[in-house]
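Counting from 1, the numbers follow the sequence of the chain as shown.
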Amino acid sequence: MLPFVDRPEVKLREHSAVTVPHARLSQRDLSVLEKTKAVRVTDTRDGYVLRTNSTTGVLQLDRIRLVLRPKFTIDGKRLIDWLCYAHGQREPVDSLRNWPLGKDGYAGLVPAALLHECRLLLRRGLRRDYVRRSRVDTTLRGRLDVMAQATRRFGAIDRLHTRTFEYEDGGWENLVCGAALARAAQSSTDPRTTQALLDAAGQFPALPRTRDALPLLARGQYTRLNDHYRPAHAWARMMLGDGGVRDLLDPHGFAAKSLLLNLNVLWENVVHRMAADAAVAHGGRRAQPGEGDIHTTREGAAPDATGQGTAMRPFRPDALLAFPPSPDTAGMARYLVVDAKYKAYQDGTVKPSDRHQLLTYIAGYTDPSTPLALIVHPAPDGPTRHLLRIEGPRGVLGRIEVLGLDTRTTPEQAAGPLRAAIARFAANQPPPLP
């Protein structure tokens with residue numbers, strides 16, 4: 001990557017395309033775009049055609065700065081509410097709600113939230129604990145490392161290899177925060193934010209390699225002594241994400257000054273939490289992983305190691321809710337599928353592929369007497385509701401209730417239509433006409 005200088009910007013919205021001359025993209029740029037999977041590149045005679053998906057943010061390349069803008073606008077003061085809700089965090093303070101959306105766009109709010117939580121930790125005082133250290137000294141302090149003394153000093157005692165426990169702030173909780181702040185500073189393009197992140201990172205202990213923070217997060221355990229680190233670690237986990245397709249934030253450590261926010265994942269997380277909370281409030285629950293999966297097997301194929309035959313990836317909706325059986329049915333739980341679609345379905349026109357998908361869920365999960373599934377999508381201009389009935393020569397195949405949630409409000413307020421639909425299903429009431 002070339003030194004950071006201002007580069008010409010190429011702007012495009014989600015699910016759109018732009019043609020860039022061949023001279024604007026280096027071979028390294030093409031490699032970065034291939035790794036991010038945020039942009040699909042097609043080589044044509046006129047140049048490279050860049051086509052985006054549901055990712056927003058910025059990618060700093062060698063010769064251009066690629067700006068990916070969202071198709072659904074969420075007010076900057078509301079976006080942090082939706083980010084916190086999607087990630088299971090407490091409500092943000094006013095300073096975060098009023099954080100200006102700079103060059104990093106929506107994705108820039110994540111480093112801001114991380115910085116805010118880490119500042120709270122610094123104000124409270126970093127947790128100190130006993131940390132094991134290996135030292136070489138002229139006096140015995142701690143326990144003698146006999147093996148190291150014998151193999152490295154050959155029995156000499158002029159310098160002693162010891163193992164001690166030092167009371168310091170080098171615990172895993174602080175190392176994770178320091179690594180996340182350092183990564184955020186590399187990714188941010190706003191000079192003031194970058195400096196604030198660097199200043200905060202300098203007050204936390206540092207890891208030799210930033211990527212070592214993820215294993216610490218995975219192994220770390222919380223007690224009443226370090227439970228106050230959870231919010232900071234939640235934002236740190238987003239900053240340190242390994243670039244998987246389920247990551248909400250993808251900072252891409254191989255591309256400095258680049259920060260991408262996956263709005264598909266954001267919306268799926270929001271809908272998943274809303275649906276689960278509403279189900280519990282009406283006597284239901286979120287279905288357990290693997291519960292009632294729809295499987296596909298190739299008949300006649302040799303059985304695999306489990307003896308189940310050759311199985312393909314099962315169908316799994318974004319949110320599968322389970323409710324107690326009806327009084328007139330015996331034993332079987334009732335299922336309701338809630339599928340998150342980050343698409344413009346405000347007018348009720350659902351793509352054929354999505355209708356096919358929901359019909360599969362209806363056939364696999366619902367009772368023939370109530371063939372219903374829900375689609376939940378963002379509605380930036382206010383809540384919407386549509387009811388689709390799918391019929392064939394043998395009658396009604398299923399109903400799809402299409403709900404648009406108002407992104408101008410808080411997630412708790414926007415969830416009203418979804419809560420109402422789930423309450424009707426729990427009470428065995430059919431969906432009313434819009």
Inset, instruction - Check each of L61, V20, L66, V41 against D29 using the side-chain contact (heavy atoms from CB on, under 4.5 Å) test, and report the only one that passes. - result: L61

Legend entry - Side-chain H-bond candidate by donor/acceptor type, D62 with S26, under 3.5 Å: yes

Inset, instruction - Hey, could you give me the CG/CZ distance between L321 and F425, rounded to the nearest 0.5 Å? - result: 8.5 Å

Legend entry - Spacing of CG belonging to L263 relative to CG belonging to N269, to within rounding of 0.5 Å: 11.5 Å

Legend entry - Candidate pair V10 and V67, rule side-chain contact (heavy atoms from CB on, under 4.5 Å), full reasoning: CA-CA 6 Å; V10 176; V67 181; over 6 Å; no

Inset, instruction - Write down the atom of Y48, the atom of P21, and the distance for their closest heavy-atom approach. - result: CD1-O, 4.4 Å

Legend entry - CG on L33 to CG on L50, rounded to 0.5 Å: 6.5 Å

Legend entry - Carboxylate-amine/guanidinium proximity below 4.0 Å for R119 and E117: no

Legend entry - Geometric cation-pi criterion, R273 with Y85: 6.0 Å, 45°: yes

Legend entry - Side-chain heavy atoms of T210 within contact of D212, under 4.5 Å: no

Legend entry - C118 side chain near Q203 side chain, heavy-atom distance below 4.5 Å: no

Inset, instruction - Using the side-chain contact (heavy atoms from CB on, under 4.5 Å) rule, take L121 and H228 through it: C-alpha gap first, then chi angles, then the decisive distance, then the call. - result: CA-CA 8 Å; L121 294 175; H228 59 288; 3.6 Å; yes

Inset, instruction - Without swapping roles, check the side chain of T360 against the backbone of H356 for a donor-acceptor pair under 3.5 Å. - result: yes

Legend entry - Any side-chain donor near an acceptor of the partner, Y345 and D354, under 3.5 Å: yes

Inset, instruction - Give a yes or no on whether the backbone of V350 and the side-chain of R355 come within a donor-acceptor separation of less than 3.5 Å. - result: yes

Inset, instruction - Would you please indicate yes or no on a ring centroid separation below 6.0 angstrom for Y222 and W172? - result: yes

Legend entry - Modelled atom types, side-chain donor and acceptor of K351 and Q357, under 3.5 Å: no

Legend entry - Pair S369-D367, side-chain donor/acceptor within less than 3.5 Å: yes

Inset, instruction - Tell me yes or no: between the side chains of D43 and H22, is some donor less than 3.5 Å from an acceptor? - result: yes

Inset, instruction - Apply side-chain contact (heavy atoms from CB on, under 4.5 Å) to I390 and I400, showing your working. - result: CA-CA 8 Å; I390 303 176; I400 302 174; 3.7 Å; yes

Inset, instruction - Determine whether the aromatic ring centres of W267 and H272 lie less than 6.0 Å apart. - result: no

Legend entry - Nearest atoms (heavy-atom pairs only) where L418 meets A275: CD2-N, 4.0 Å

Inset, instruction - Would you give the length of the straight line joining atom OG1 of T407 to atom NE2 of H377, rounded to the nearest 0.5 angstrom? - result: 11.0 Å

Legend entry - Where T384 and A379 come nearest, the two heavy atoms and their spacing: OG1-CB, 4.4 Å

Legend entry - Greater than 12 external heavy atoms within 6.0 Å of R286's CZ: no

Legend entry - Under 3.5 Å donor-acceptor, H233 side chain and E173 backbone: yes

Using a 3.5 Å cut-off and no angle test, enumerate the donor-acceptor pairs between side-chain atoms of residues 276-284 and protein atoms at least two apart in sequence or in another chain.
{"from": "H282", "atom 1": "ND1", "to": "A278", "atom 2": "O", "distance (Å)": "3.0"}

Legend entry - Side chains of V110 and L83 in contact at under 4.5 Å (non-hydrogen atoms): yes

Legend entry - Atom CZ of R211: over 12 foreign heavy atoms under 6.0 Å: no

Inset, instruction - Check whether any side-chain N or O of D406 sits under 3.5 Å from a backbone N or O of A414 as a donor-acceptor pair, and report yes or no. - result: no

Legend entry - Approximate separation, where rounding is to 0.5 Å, of L388 CG and L358 CG: 9.0 Å

Inset, instruction - Please check if any side-chain donor atom of Q195 sits under 3.5 Å from a side-chain acceptor atom of D199, or the reverse. - result: yes

Inset, instruction - May I have the step-by-step check of side-chain contact (heavy atoms from CB on, under 4.5 Å) for V376 and D339, ending in yes or no? - result: CA-CA 6 Å; V376 183; D339 210 49; over 6 Å; no

Legend entry - Check: Q413/T410 side-chain N/O donor and acceptor closer than 3.5 Å: yes

Legend entry - Spatial distance of atom CG (L114) from atom CZ (R237) [nearest 0.5 Å]: 12.0 Å

Inset, instruction - Check the surroundings of atom CZ in R230: do more than 12 heavy atoms from other residues, nucleotides or ligands lie under 6.0 Å from it? - result: yes

Inset, instruction - Using modelled atom types only, decide if a donor and an acceptor are shared between the side chain of R63 and the backbone of A23 within a distance under 3.5 Å. - result: yes

Inset, instruction - Answer yes or no: does atom CD of E412 have more than 12 heavy-atom neighbours from other residues, nucleotides or ligands under 6.0 Å? - result: yes

Legend entry - N/O donor-acceptor pair under 3.5 Å between T366 side chain and I362 backbone: yes

Inset, instruction - Flag the pair R424 and E401 as a salt bridge only when some basic side-chain nitrogen lies within less than 4.0 angstrom of an acidic carboxylate oxygen. - result: yes

Legend entry - Close side-chain approach of R51 to S16, heavy-atom, < 4.5 Å: no

Inset, instruction - Before accepting this row, confirm whether a basic side-chain N of the pair R224/D227 lies closer than 4.0 Å to the acidic partner's carboxylate O. - result: no

Inset, instruction - Tell me yes or no: between the side chains of R334 and N428, is some donor less than 3.5 Å from an acceptor? - result: yes

Legend entry - Exam field: side chain Y229 to backbone R127, donor-acceptor pair closer than 3.5 Å: yes

Legend entry - Any P111 side-chain heavy atom under 4.5 Å of R183 side chain: no

Legend entry - For the student: nearest non-hydrogen atoms of P432 and R385, plus distance: O-NH2, 2.5 Å

Inset, instruction - Return yes if some donor-acceptor pair links the side-chain N/O of N226 with the main-chain N/O of Q221 below 3.5 Å, else return no. - result: yes

Inset, instruction - Using a 4.5 Å cut-off on heavy atoms from C-beta on, say whether the side chain of L405 contacts that of P378. - result: no

Inset, instruction - Taking all heavy atoms of L403 and all of A421, pick out the closest pair and write down the distance. - result: CD1-CB, 3.9 Å

Legend entry - Backbone N/O of H15 and side chain of T52: donor-acceptor pair under 3.5 Å: yes

Legend entry - Closest non-hydrogen atom pair between L240 and V176, with its separation: CD1-O, 4.2 Å

Inset, instruction - May I ask you to check whether over 12 heavy atoms, not counting those of Q27, lie within 6.0 Å of atom CD? - result: no

Inset, instruction - Indicate yes or no: at least one non-hydrogen side-chain atom of V337 is less than 4.5 angstrom from one of L374. - result: no

